[in-house]
Amino acid sequence: CGKNFYKNVTNLSDGTYTYKVYANDTSNNWNVSEMRVVVIDTTPPASISNLTSITGQTWINWTWTNPQDADFNYTMVYLNGIWRTNTSHPFYNATNLTPDTFYEIGTRTVDKAGNINQSWVNQTTKTRLYPAPKITSFAPQSPVYDTEGATRTFNITVDQLVNVSWWINGTEVFNQTAVTESTYTN
């Protein structure tokens with residue numbers, strides 16, 4: 001009939017410990033277990049360092065240096081306070097962002113024992129503003145000479161999606177949204 005025995009050892013310092021279990025029965029038969037290893041690790045890894053960013057209109061790429069701790073596992077990445085991912089790579093690329101908007105990355109490091117560094121390393125960066133649209137063509141050329149009541153067609157082409165409003169003598173007469181070309185006939 002087997003019996004379970006245990007030995008509870010507390011207050012061990014961080015480090016590596018080994019143990020074996022010896023057993024004998026009433027006939028003085030002995031047996032010994034394999035060497036077992038217990039690693040006590042309550043120390044979190046260092047923080048990331050050298051946090052920098054490169055920005056685009058709808059993305060931000062953050063890079064950093066991971067800590068040199070031998071047991072470093074990954075960096076927890078938060079964007080505007082919301083967890084996004086865990087990564088062992090020294091970078092995070094946030095995409096599908098809104099132009100001309102501030103975003104904050106927050107990071108905390110974790111080691112292989114699950115210890116989390118409680119110090120945040122953060123950086124706030126702003127995405128770039130879209131450049132002003134460029135009119136690539138228009139017709140007719142200005143000035144326009146017509147007789148009263150004549151019909152005239154106006155055309156415009158731009159290099160990005162824009163909202164177009166046609167105005168005649170200070171009055172809006174036609175508009176379109178999210179177009180690269182627009183035509184108005186009066």
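Heavy atoms only: backbone and side chains are in, while hydrogens, waters and symmetry mates are out. Positions are given from 1, in the same order as the sequence printed here.
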F154 side chain reached by P140 side chain, heavy atoms, under 4.5 Å:
yes

Show the nearest heavy-atom pair for residues N175 and S165, with the distance to one decimal.
CB-OG, 3.8 Å

Taking all non-hydrogen atoms of both residues, which atom of Y145 and which atom of P143 are closest, and how far apart?
OH-CG, 3.4 Å

Nearest 0.5 Å, what's the OH-NZ distance between Y74 and K112?
12.5 Å

Can you check whether I116's main-chain N or O pairs, donor with acceptor, with Q118's side chain at less than 3.5 Å?
yes

Are more than 12 heavy atoms, taken from residues, nucleotides or ligands other than N28, located less than 6.0 Å from that residue's CG atom?
yes

Just do the side-chain contact (heavy atoms from CB on, under 4.5 Å) check on W62 and I48 with the steps written out, would you?
CA-CA 12 Å; W62 278 281; I48 65 163; over 6 Å; no

How far does CH2 of W167 sit from CD of E172, to the nearest 0.5 angstrom?
5.0 Å

Are L97 and L79 close enough that some pair of their side-chain heavy atoms sits under 4.5 Å apart?
yes

Are V162 and F174 connected in the hydrophobic side-chain network, where two residues link if heavy atoms are under 4.5 Å apart?
yes

Side-chain heavy atoms nearer than 4.5 Å, only ILVMFWY residues, links allowed to pass through others: does that put V164 and I135 together?
yes

Distance only, no hydrogens: is a donor on one side chain within 3.5 Å (strictly under) of an acceptor on the other, for N163 and T177?
no

Give me the atom names and distance for the closest heavy-atom approach of W59 to I54.
CZ3-O, 3.3 Å

Identify the two heavy atoms, one from D69 and one from P45, that lie closest to each other, and give their separation to 0.1 Å.
OD2-CA, 3.3 Å

Any side-chain heavy atom of P131 within less than 4.5 Å of one from Q160?
yes

Evaluation steps, side-chain contact (heavy atoms from CB on, under 4.5 Å), between V110 and N86
CA-CA 9 Å; V110 181; N86 294 332; over 6 Å; no

Donor-acceptor pair, distance only, cut-off 3.5 Å: does the side chain of D14 make one with the backbone of T42?
yes

Indicate yes or no for a side-chain donor-acceptor contact from N115 to the backbone of D41 under 3.5 Å, with no hydrogens or angles considered.
yes

Does the side chain of Y92 come within less than 4.5 Å of I60's, by heavy atoms?
no

I82 and M76: same hydrophobic cluster, using ILVMFWY side-chain contacts below 4.5 Å?
no

Ring-plane angle category for W30 and Y22, please: parallel below 30°, perpendicular beyond 60°, tilted otherwise.
perpendicular

Evaluate the side-chain contact (heavy atoms from CB on, under 4.5 Å) criterion for residues T125 and Y103: first the C-alpha distance (whole Å), next the side-chain angles of each, then the deciding distance (0.1 Å), finally the verdict.
CA-CA 5 Å; T125 304; Y103 291 90; 5.9 Å; no

Quick one: are T58 and P99 in side-chain contact, heavy atoms under 4.5 Å?
yes

Does A46 offer a backbone N or O that forms a donor-acceptor pair with the side chain of T109 under 3.5 Å?
yes

Give the ring-plane orientation class for W120 versus Y78, where under 30° counts as parallel, over 60° as perpendicular and anything between as tilted.
perpendicular

Tell me yes or no: between the side chains of T75 and T87, is some donor less than 3.5 Å from an acceptor?
no

May I ask you to decide if V77's main-chain N or O and T85's side chain share a donor-acceptor pair within less than 3.5 Å?
no

Under a plain distance cut-off of 3.5 Å, with no hydrogens placed, do T136 and D159 share a side-chain donor-acceptor pair?
no

Would you find a donor on one side and an acceptor on the other, under 3.5 Å apart, between the side chain of T127 and the backbone of T98?
yes

For the hydrophobic clusters of this structure (ILVMFWY residues joined by side-chain heavy atoms under 4.5 Å, transitively), does one cluster hold both V38 and V21?
yes

Determine whether the side chains of T157 and S137 contain a donor N or O and an acceptor N or O closer than 3.5 Å.
yes

Please name the pair of heavy atoms, one in P67 and one in F72, separated by the smallest distance, quoted to 0.1 Å.
CG-CD1, 3.4 Å

So, R128 side chain and G56 main chain: donor-acceptor pair closer than 3.5 Å or not?
no

Take W166 and T185 through the side-chain contact (heavy atoms from CB on, under 4.5 Å) test and state the conclusion after the steps.
CA-CA 10 Å; W166 294 96; T185 302; over 6 Å; no

Residues in side chain to side chain donor-acceptor pair (under 3.5 Å) with T52, at least two apart?
T63

Got a second to check how far N29's CG is from N24's CG, nearest 0.5 Å?
8.5 Å

In terms of heavy-atom contacts, K20 and M35 come closest through CE-CE, 3.6 Å

Sidechain-backbone polar pair: N186 side chain, R152 backbone, donor-acceptor under 3.5 Å
yes

Would F138 end up clustered with V158 when hydrophobic side chains under 4.5 Å apart are linked, directly or stepwise?
yes

Please say whether more than 12 non-hydrogen atoms of neighbouring residues, nucleotides or ligands are located less than 6.0 Å from CD in Q68.
no

